[in-house]
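Report on the structure given below.
Since this is a predicted model, take the numbers as computed values, not measurements.
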Amino acid sequence: MGSWTTYILWHLRQDGPLRFGALRRAIPGISSKILTQRLRMLEEHGIVYRHHVP
């Protein structure tokens, strides 16, 4: 999974649904690229889902 995955899931569990930018600000030191990769992986595994609002 990766070292950031648990930390991402912890924040989502504690704070509830977050926008991408808010999640990135909540996790110091994570790059946008890594956050995007981990969120896509979690979405593919059915652990999180994305709700896109245009």
Side-chain angles (χ1 to χ4, degrees):
M1 277 206 166
S3 59
W4 289 106
T5 307
T6 305
Y7 203 44
I8 293 167
L9 289 173
W10 183 82
H11 268 286
L12 291 174
R13 173 82 173 153
Q14 293 296 314
D15 303 331
L18 293 171
R19 297 180 74 130
F20 181 84
L23 184 57
R24 190 169 50 86
R25 285 188 299 274
I27 304 173
I30 194 168
S31 68
S32 294
K33 178 182 175 182
I34 294 297
L35 181 56
T36 299
Q37 288 175 350
R38 297 298 187 265
L39 289 173
R40 285 182 180 158
M41 184 214 32
L42 290 169
E43 186 178 21
E44 287 174 6
H45 285 88
I47 298 170
V48 299
Y49 70 95
R50 175 175 42 172
H51 177 72
H52 177 70
V53 178

### Task
Could you tell me the separation between the CG atom of Leu9 and the CH2 atom of Trp4, rounded to the nearest 0.5 Å?
13.5 Å
### Message
Could you measure the distance from the CD1 atom of Ile47 to the CD1 atom of Ile8? Nearest 0.5 Å is fine.
### Response
11.0 Å
What donor-acceptor contacts under 3.5 angstrom involve side-chain atoms of residues 26-41, with partners at least two apart or in another chain?
unit_1, atom_1, unit_2, atom_2, d
Ser31, OG, Ile34, N, 3.2
Ser32, OG, Arg24, NE, 3.3
Thr36, OG1, Ser32, O, 2.8

### Task
Determine the interplanar angle of the Tyr7 and His11 rings, folded into 0 to 90°, and report it as parallel if under 30°, tilted if 30 to 60°, perpendicular if over 60°.
perpendicular
